Amino acid sequence: MKLDFEHIESKWKKIWAETHLYKVNEDTTKPKYYVLDMFPYPSGAGLHVGHPLGYVGSDIYTRYKRMKGFNVLHPMGYDAFGLPAEQYALDTGVHPAKSTSDNIIRYRSQLDNIGLSFDWSRQVRTDDPEYYRWTQWIFLQIFQHYYDKTDDKAYPISRLIDIFNNKGSIGVNAAGSSHAPFTGDQWAAMTPAEQSQMLMNYRLAYRKIGYVNWCEALGTVLANDEVKDGLSERGGFPVVQKEMLQWSLRITAYAERLLEGMESLQWSESMKTVQRNWIGRSEGAFIHFQVADQPEVSIKVFTTRPDTIFGSTFIVLAPDHELVPALTSVDFSKAAETFKERIKSKSAEQRSTSQKTPDGMWLGSYALHPITGDEIQIWIADYVLRDYGTGAIMAVPGDDARDRAFAVHYQLPVLEVIDRLQVPDAEMGDREGIMINSSFLDGLNVQAAISSMLDYLEKNNLGVRNVEYKLRDANFSRQRYWGEPFPVYYDDAGIVHAMDENTLPLELPDLDDFKPSPDGRSPLARLTEWTQPYPGVTRETDTMPGYAGSSWYFLRYMDPTNDKTFASKESIDYWKDVDLYIGGVEHAVGHLMYSRFWHKVLYDLGRVPTQEPFKKLVNQGMIQGIVESLFLFKEKKDGKAHFISADLVTERKIPKEQLSTIPVHIDFVTDYGHPDSHLNEMGIASFIKWRPEYSTALFETKNGIQQFSDLKDVELRTLSEIGKMSKRYHNVVNPDDVIARYGADCFRMYEMFLGPIEQSKPWDTMGIEGVSKFLKKLWSLFFNDQDELIVNRNSASDDAQKAIHATIKKINEDVERFSFNTAISQFMICVNELRKLDEHSVEILDPLVRTIAPFAPFLSEELWSLLGHHSSVHLAPFPDYDEKWLVTTSIIYPVCINGKKRGEINLPVGSTNAEIEKAAMDLPEILKWVEGKPIRKVVIVPDKMINMVI
RNA sequence: GCCAGAGUGGCGGAACUGGUAGACGCACUGGAUUCAAAAUCCAGCGUUCGCAAGGAUGUGCGGGUUCGACUCCCGCCUCUGGUACCA
């Protein structure tokens with residue numbers, strides 16, 4: 001029987017679905033294991049061969065763990081809200097709900113083709129009201145809590161209100177925005193709107209003025225990746241920063257815990273580093289600088305280098321710092337206004353250039369140096385950011401490169417405070433050297449000076465120690481339609497109210513026009529009957545960002561249909577957390593940071609039993625595409641488009657400025673992805689059919705310039721670059737096509753065989769034949785050329801036993817460390833060996849089928865049933881190996897002279913050093929080397945090798 | 001610039017704790033089978049000198065530690081990804 005994978009796949013796909021083979025329940029008799037894939041955004045392009053890399057890896061692991069006796073939760077769903085669907089709706093009028101559903105159907109069929117063992121009964125999609133009902137519910141929990149820094153824990157906002165009622169804000173140690181302290185009486189005297197405003201300073205979900213990328217010409221707000229070099233990606237219109245009241249999440253309250261929590265996680269060091277850098281913890285101090293002639297005003301700066309304070313010769317504030325108006329002298333106020341306007345439009349511009357040119361202005365006022373009392377100038381400049389630290393710095397041009405450049409540019413005084421002569425390699429800011437010009441710090445090294453100055457500042461009430469984080473509160477508002485509506489409303493006084501939990505979900509209303517409303521608000525703003533359903537109730541028109549639904553979806557899988565709560569306590573207590581999470585590195589800071597944050601909030605509220613959601617993280621590499629493009633001269637030749645072969649471009653050193661590159665569909669390209677990839681006559685014909693506007697074009701190759709009508713012997717070389725696999729570059733490879741040709745098992749194994757799962761690599765089908773051949777060889781252990789089943793009940797040979805047990809052992813080890821490529825090599829070695837031995841006994845083939853089942857689920861299931869089993873191989877136990885077949889009785893010792901192998905001796909295990917040495921010395925090829933030379937040393941590693949030094 | 005990761009045959013890659021570098025696969029070459037081809041099977045395959053036996057050399061480059069280094073240490077180069085004035 002020839003291996004008919006099409007028949008096998010459709011047969012088992014159907015049976016698995018009918019028998020609900022992959023459905024799991026909470027089963028307390030088995031240990032649980034949770035394997036999670038990052039759920040996909042169902043884009044219009046469908047899955048390409050890059051996506052399944054992680055899915056196949058996690059599926060192999062899932063199946064392996066199941067066979068090892070674990071109760072494995074392995075679900076899948078869709079991150080269904082998102083910008084592309086809304087953009088598509090704008091372009092075509094197709095409702096995002098419709099296009100998303102269509103895409104999901106396609107994704108599902110593609111995923112099924114790969115043979116992934118998801119429990120589809122647990123599918124979630126974030127745009128389902130029954131799902132986002134709980135996204136809204138969690139948002140409300142976040143909204144109704146604040147963070148107590150003393151207890152390091154979130155508490156209900158009602159507790160804070162009680163405290164305010166009793167004794168006001170004095171003594172409250174909570175994460176929040178700064179405000180003037182007040183007493184209990186003052187709190188009671190506040191209007192409800194004022195009180196509401198005050199609570200906003202503490203809520204974990206709160207509203208504040210934020211900046212959005214506003215594009216006047218498009219009349220809309222753009223996402224960061226829709227802005228390139230200060231211009232909108234579509235249309236190239238100018239984009240400015242516009243102030244808007246936005247929802248934010250106070251993730252900064254959790255900065256320290258997000259940092260500490262990583263210690264216990266099995267994540268790659270690089271992933272942890274990325275998160276650490278993103279959190280950006282730095283220790284330093286707040287220092288107060290009095291303003292000259294305004295004794296009631298002082299400027300608070302943050303510095304990590306209090307030791308350099310004597311070198312502080314001026315102060316710089318962010319242009320939008322709240323004190324700027326008060327610090328601007330009358331003569332400068334007009335100039336300051338223009339400056340601020342200019343910076344606003346600049347902030348989106350190329351920042352790299354501003355790095356080189358300092359840009360700031362003096363406000364005409366002075367501050368007093370807190371220690372020396374000297375008057376120093378107060379400046380504003382674009383290099384100081386309002387959101388970091390206090391939005392103000394003490395500039396130390398003596399030991400900070402930016403301050404130095406700024407001071408030099410504006411001819412401000414520079415005072416050296418660190419002598420680095422003793423440490424020649426040290427540069428500015430390196431925390432190396434000896435303090436000079438610094439009064440009582442002189443002679444100390446930097447570290448000693450820092451702690452000495454911190455003590456001094458605190459003792460004299462000039463400043464306090466402080467820890468700052470680069471991490472900012474997360475913007476949680478989008479001026480878009482296709483997202484979760486906020487479950488809040490505003491009353492006539494503008495006070496925010498949470499909706500009653502029992503009225504959730506607040507459903508996203510239907511819409512047929514997806515254009516934003518003219519004032520930059522979302523399309524929802526135009527639906528007045530929705531935004532103002534009753535008198536005195538106004539709804540929020542912003543919707544939640546993409547990460548809202550994805551920040552907790554892994555919890556919903558535990559109990560996906562619960563309509564009483566987001567997931568029952570029993571199910572969460574059973575599944576607890578994700579044991580293995582596989583996904584792309586691109587989510588390093590976004591999704592993974594936000595999910596951890598939400599999880600910690602839920603932990604504080606007693607809703608989840610674990611502090612961290614994802615115990616182990618594996619980042620799969622990207623499968624890249626090869627972008628094939630044609631070179632086209634920008635200038636036309638005789639009014640005709642003029643293409644030129646890539647080899648001629650290199651040969652003639654044609655400057656790139658004269659050429660543009662036109663991405664070409666990879667199906668037209670001969671030798672796709674190889675150095676001599678090109679279009680031949682047929683390729684060019686397809687190209688012209690595809691892009692008829694080039695039907696009159698000229699094609700220049702080694703054989704001269706030719707027209708499409710009379711092509712002969714053309715080899716129009718293309719430019720091959722490794723890039724993203726994307727619709728845009730016409731280089732998407734659909735797994736369905738590969739599966740149709742080679743089968744799902746082959747596809748799965750080939751993706752794994754390409755290399756380590758964490759590594760990125762371009763898609764290349766060159767080697768797939770090798771895996772295909774391997775599967776046929778495996779098949780041929782069961783069937784002969786006459787299609788007869790040749791499996792027998794004979795007892796297996798010792799060599800076959802050794803081969804299979806070595807394989808079982810190796811597969812165990814390799815799967816545990818996600819080394820799937822080497823596992824597949826081992827299968828190949830094993831099958832080659834069994835074929836050589838002409839081994840067809842059940843004793844060997846039974847465990848072989850079970851060992852390979854996680855990798856090739858269809859074929860193994862078929863073979864398993866051919867062996868006479870009536871239940872699925874995927875429910876069978878993973879075979880154990882028997883050490884007795886793995887003990888070696890003899891060892892081939894390499895005999896080395898000076899570390900180089902010169903001969904071999906075969907000796908029994910456990911030979912003594914003397915025996916080994918003697919045997920080695922008897923070797924003629926060794927004698928030749930040692931002859932006449934004294935042996936200085938003999939190194940013997942028992943059961944490993946022998947080395948002689950001469 | 002900074003941070004992280006990686007450089008091994010023509011190609012994808014292996015070598016897990018310092019111990020026979022190149023497993024496994026692709027491509028290529030020769031042979032068997034075939035009327036022929038596909039498929040299949042067998043053999044060879046880092047570079048270099050040599051008819052051969054055998055030698056030299058070889059894991060980005062330069063040094064070092066070691067009996068022995070792809071693996072450890074120091075310095076550099078290149079590539080990939082992330083990040084962007086963070087006080």
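Throughout, a chain's letter reflects where its sequence line sits, starting with A, and its residues are numbered from 1. Model, not experiment: these values are computed from the prediction.
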Centre-to-centre under 6.0 Å for A:W779 and A:F774, is that the case here? no
Give each protein N/O atom lying under 3.5 Å from an N/O atom of nucleotides 78-80 of chain B, with the pair distance.
none

Contacts of A:Y469 meeting side chain to side chain donor-acceptor pair (under 3.5 Å) (sequence neighbours excluded), chain-then-number -> A:E256
Note, A:M394 side chain near A:F289 side chain (heavy atom, < 4.5 Å): yes
Distance check: side-chain N/O of A:K761 vs OP1/OP2 of B:G12, anything under 4.0 Å? no
Separation of B:U20 atom P from A:I905 atom CD1, nearest Å, is 15 Å
Whole-Å distance, A:E769 CD to B:G12 P, equals 19 Å
Rounded to whole Å, the OH-P distance (A:Y388 to B:C86) equals 9 Å
What residues 395-402 of chain A contributes to the RNA chain B interface at heavy-atom separation below 4.0 Å is A:R402
Here the distance between atom C1' of B:C3 and atom CD of A:Q275, to the nearest Å, is 14 Å
Of the candidates B:C85, B:A15, B:C67, the side chain of A:R817 sits closest to B:A15
Has the side chain of A:D382 got a donor or acceptor that lies under 3.5 Å from a partner of the other kind on the base of B:C85?
yes
Pairing partner of B:U33, by Watson-Crick or G-U wobble and under 3.5 Å for both distances, is none
Scan A:V938 against the nucleic acid and name what it touches under 4.0 Å (heavy atoms): base, sugar-phosphate only, or nothing. nothing
Worksheet item: Looking across every strand, which nucleic acid part, if any, lies under 4.0 Å from A:L754 by heavy atom: base, sugar-phosphate, or nothing?
Response: sugar-phosphate
Using the C1' atom as the point on both nucleotides, what is the distance between B:G81 and B:U29, in whole Å?
40 Å
In whole angstroms, the gap separating P of B:A14 from CZ of A:F820 amounts to 14 Å
Per nearest nucleotide of RNA chain B, the residue lying toward the 5' end, A:N947 or A:V941, is A:V941
### Message
In the structure I gave you, are the side-chain heavy atoms of A:V771 and A:M828 within less than 4.5 Å of one another anywhere?
### Response
yes
Going 5' to 3' through nucleotides 37-45 of chain B and flagging B where a protein heavy-atom sits under 4.0 Å of the base, S where only the sugar-phosphate is that close, and - otherwise, we get ---SS----
Residues in residues 821-830 of chain A with a heavy atom under 4.0 Å of RNA chain B, by number, are A:N821, A:T822, A:S825, A:M828, A:I829
Could you label the plane-to-plane angle of the A:F820 and A:F818 rings as parallel, tilted or perpendicular, counting under 30° as parallel and over 60° as perpendicular? perpendicular
With sequence neighbours left out, the residues meeting side chain to side chain donor-acceptor pair (under 3.5 Å) with A:D473 are A:Y206, A:T252
Residues 817-840 of chain A vs salt bridge (Lys or Arg N to Asp or Glu O under 4.0 Å), sequence neighbours excluded, gives A:D814-A:R817
Of the listed B:C86, B:G12, B:U20, the closest approach to the A:P894 side chain comes from B:U20
Re B:U83: Watson-Crick or G-U wobble partner, both distances kept under 3.5 Å, found to be B:G1
Checking N1-N3 plus N6-O4 or O6-N4 for Watson-Crick, or N1-O2 and O6-N3 for wobble, each under 3.5 Å, the partner of B:U17 is none
*Using the C1' atom on both, measure B:A84 against B:U48 and round to a whole Å.*
49 Å
As its Watson-Crick or G-U partner within any shown strand, both distances under 3.5 Å, B:C28 has B:G44
Give me the distance, rounded to whole Å, that separates B:U66 from B:C74 when you measure between the C1' atoms they each carry. 16 Å
From CE of A:M622 across to P of B:G5 the rounded distance in Å is 18 Å
Note to self: The test is side chain to side chain donor-acceptor pair (under 3.5 Å); show your working for A:E468 and A:S282 and say whether it passes.
What the structure shows: CA-CA 5 Å; A:E468 275 296 311; A:S282 55; over 6 Å; no
*Which whole number of Å gives the distance between the P atom of B:U80 and that of B:G30?*
38 Å
Sorted by chain and residue number, the ring pair (Phe, Tyr, Trp, His ring centres under 6.0 Å) partners of A:Y254 (sequence neighbours excluded) come out as A:Y147, A:F597
Between A:N619 (side chain only) and A:G583 (backbone N and O only), is there a donor and an acceptor less than 3.5 Å apart? yes
By ring pair (Phe, Tyr, Trp, His ring centres under 6.0 Å), A:Y547 pairs with (sequence neighbours left out) A:F476, A:Y594
Here the distance between atom P of B:G82 and atom CE of A:M593, to the nearest Å, is 16 Å
Paired to B:C76 by Watson-Crick or G-U wobble criteria (both distances under 3.5 Å) is B:G60
Sorted by position of nearest nucleotide on RNA chain B, 5' first, the leading residue of A:V939 and A:V771 is A:V771
- Please examine the side chains of A:L592 and A:Q275, heavy atoms only from C-beta on, and report whether any two atoms are closer than 4.5 Å. yes
Hits for ring pair (Phe, Tyr, Trp, His ring centres under 6.0 Å) against A:F747, two or more places apart or cross-chain, chain-then-number order -> none
Whole-Å distance, A:H587 NE2 to B:G81 C1', equals 15 Å
Residues at least two apart in sequence or cross-chain that pass ring pair (Phe, Tyr, Trp, His ring centres under 6.0 Å) with A:F827, listed by chain then number, are A:F855
side-chain hydrogen bond (donor to acceptor under 3.5 Å, both in side chains) pairs touching residues 766-775 of chain A, sequence neighbours excluded, are A:Y742-A:E769
The glycosidic conformation of B:G9, counting syn as within 90° of 0 and anti otherwise, is syn
Legend entry - Any side-chain heavy-atom pair of A:R431 and A:I450 under 4.5 Å: yes
Give me the distance, rounded to whole Å, that separates B:U78 from B:G25 when you measure between the C1' atoms they each carry.
28 Å
